[in-house]
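Just below is one structure, and these are the notes that go with it.
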2 protein chains.
Amino acid sequence: MIYKESHALILNNIARFIDLTELEKQKYLSLLTDIKVKKKAFLMQAGDFAKYEYFIIKGCLKVYTLDEDGAPYISMFAVEDYWTGDMASFMTKEPTPYFIKATEHSELLGISRANYDLLFQEIPKFERFYRILYQRSLVSYIRRSNHGISLTAEQRYIEFKKKYPKIVNRITQKDLAAYIGITPEFMSKIISKVNRM
Amino acid sequence: MIYKESHALILNNIARFIDLTELEKQKYLSLLTDIKVKKKAFLMQAGDFAKYEYFIIKGCLKVYTLDEDGAPYISMFAVEDYWTGDMASFMTKEPTPYFIKATEHSELLGISRANYDLLFQEIPKFERFYRILYQRSLVSYIRRSNHGISLTAEQRYIEFKKKYPKIVNRITQKDLAAYIGITPEFMSKIISKVNRM
DNA sequence: TAAAAGTCTTAAACTAGTTCATTTTTTTTC
DNA sequence: GAAAAAAAATGAACTAGTTTAAGACTTTTA
């Protein structure tokens, strides 16, 4: 069976952890929705109810919150082959505190809450897929939050650049500052210092 | 069927997400190991291979890493009804970067890696249990790391005290500082300031 | 393609948090 | 229950990162 590109990509992502039969693949794909967002458009805004969890086929999005003073804090940049959304809101059906905004024209596949529940009923193997996916995310989150706290902003920038060399060149310095957790001014100083080294 | 206290506690924790038959309960309990650690003793040290994942029946433990300068950073305090361990090392069979040290005499139940794998084979319902457990941990980790970065140390202390009022009174100020991510001296200043308010 | 809007740079004055050193208080140990 | 060890408090000098402001450079939009 030949699948369109977006479907081949998501099946490939899932095949990392579980094997599906042809029938299961088709069933799964039927539960997904195609979504496109233009650059600067929002996929989600604070106060919304997270209707989908998303898989990114193409593009780049930033996931962020605003603090009391309205300053953004970016928790992740989501690019090709990443999963994103607000799992807390998706699960609890409470409003999200997040904004998700496309920094490039992007294409995604979404699974709705109703279809997510249906998925576990129809193809219980997906419990295993998500168990492993969440386990791995948890490990990398723990590493990140553990690692981050004792490093200086300069060290965090150097690590980010090493870990995500492709992403650094796709985002603005301002957004990078909001991810690293410093002001754009200080980000500018760090970058020119690191480049001089 | 009547279970000993530690078994009743862990079954209760599991019953939050899945229902087990009597037979499954007995099978599950047979896969667990009783563990005791005295105050100041290590459950795990950096360089060890994480042999178990732990459920805490009684006591309090701190999970921490040391940075290059040997300064501790505490990532969690684990008390009654919590799960702890190093999942990354447990899964990948690589050495752990963590120390887990009892701050009180503690009793735990452990599941070994071999039995964890066996568990999913014998009682597939546990895929669901762990999927939900990891999903929830992920949500609270994301919230914590998101929340933490933009707050001052004083605000982080106030939040911690509000969220874990019982834990605050069981740990030293020094350990609290290592959790908040500041020096014990500055922690001391913050506490006396907050008490004066 | 010109104007407007947004991003980046630089610099001076400021603040949250660190470091180091000393004393007091509390806890542990024999 | 005395001695030793660890934790907590206090203060002065220091540093990483913020704030504010202004000008230069780039990207977007009409």
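The chains referred to below are lettered A, B, ... by the order of the sequence lines, with proteins before strands, and numbering in each begins at 1. Predicted, not measured: the structure shown is a model, and the values here were computed from it.
- Atom OH of Tyr54(A) sits about 11.5 Å away from atom CG of Leu109(A), to the nearest 0.5 Å.
- Judged by distance alone, with hydrogens and angles left aside, the side-chain atoms of Asn115(B) form a donor-acceptor pair with the main-chain N or O of Leu31(B) at under 3.5 Å.
- When distances are taken from the side chain of Ile182(B) to each of dA11(C), dT7(C), dT18(C), the shortest belongs to dT18(C).
- Look at CD on Glu185(B): it is 10 Å from P on dC20(C), rounded to the nearest Å.
- Counting to the nearest Å, the P atom of dT18(C) and the CG atom of Asp67(B) are 12 Å from each other.
- On the nucleic acid side, DNA chain D has its first and last nucleotide under 4.0 Å of a heavy atom of chain B at dA7(D) to dA12(D), going 5' to 3'.
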Checking Phe17(B) against Phe129(B) for the ring-ring contact (aromatic ring centres under 6.0 Å, His included) test, could you report, in this order, the C-alpha distance in whole Å, the side-chain angles of both residues, the deciding distance, and whether it holds?
CA-CA 6 Å; Phe17(B) 308 143; Phe129(B) 173 75; 5.6 Å; yes
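- In this structure, CD1 of Ile191(A) is placed 15 Å from C1' of dT10(C), rounded to the nearest angstrom.
- Two residues, Lys174(A) and Ile190(B), neighbour DNA chain C, and the one matched to the more 5' nucleotide by heavy-atom proximity is Lys174(A).
- Mapping Lys40(B) and Pro184(B) onto DNA chain D via the closest heavy atom, the residue that lands nearer the 5' end is Lys40(B).
- In this structure, the NZ atom of Lys189(B) is 11 Å from the C1' atom of dC20(C), given to the nearest Å.
- Here dC8(C) presents its P atom at 5 Å from CD of Gln173(A), a figure rounded to the nearest Å.
- The CG atom of Asp175(B) sits 14 Å away from the P atom of dT27(C) (whole-angstrom rounding).
- No side-chain donor-acceptor contact under 3.5 Å links Ser188(A) and Glu185(A).
- The residue from Tyr116(A), Tyr52(A), Phe49(A) that alone fulfils the ring-ring contact (aromatic ring centres under 6.0 Å, His included) condition with Phe90(A) is Tyr116(A).
- The aromatic rings of Phe120(A) and Tyr130(A) lie perpendicular to each other, with more than 60° between the two planes, well past the 30° mark.
- Between Thr183(B) and the phosphate of dT18(C), there is a side-chain N or O to OP1/OP2 separation shorter than 4.0 Å.
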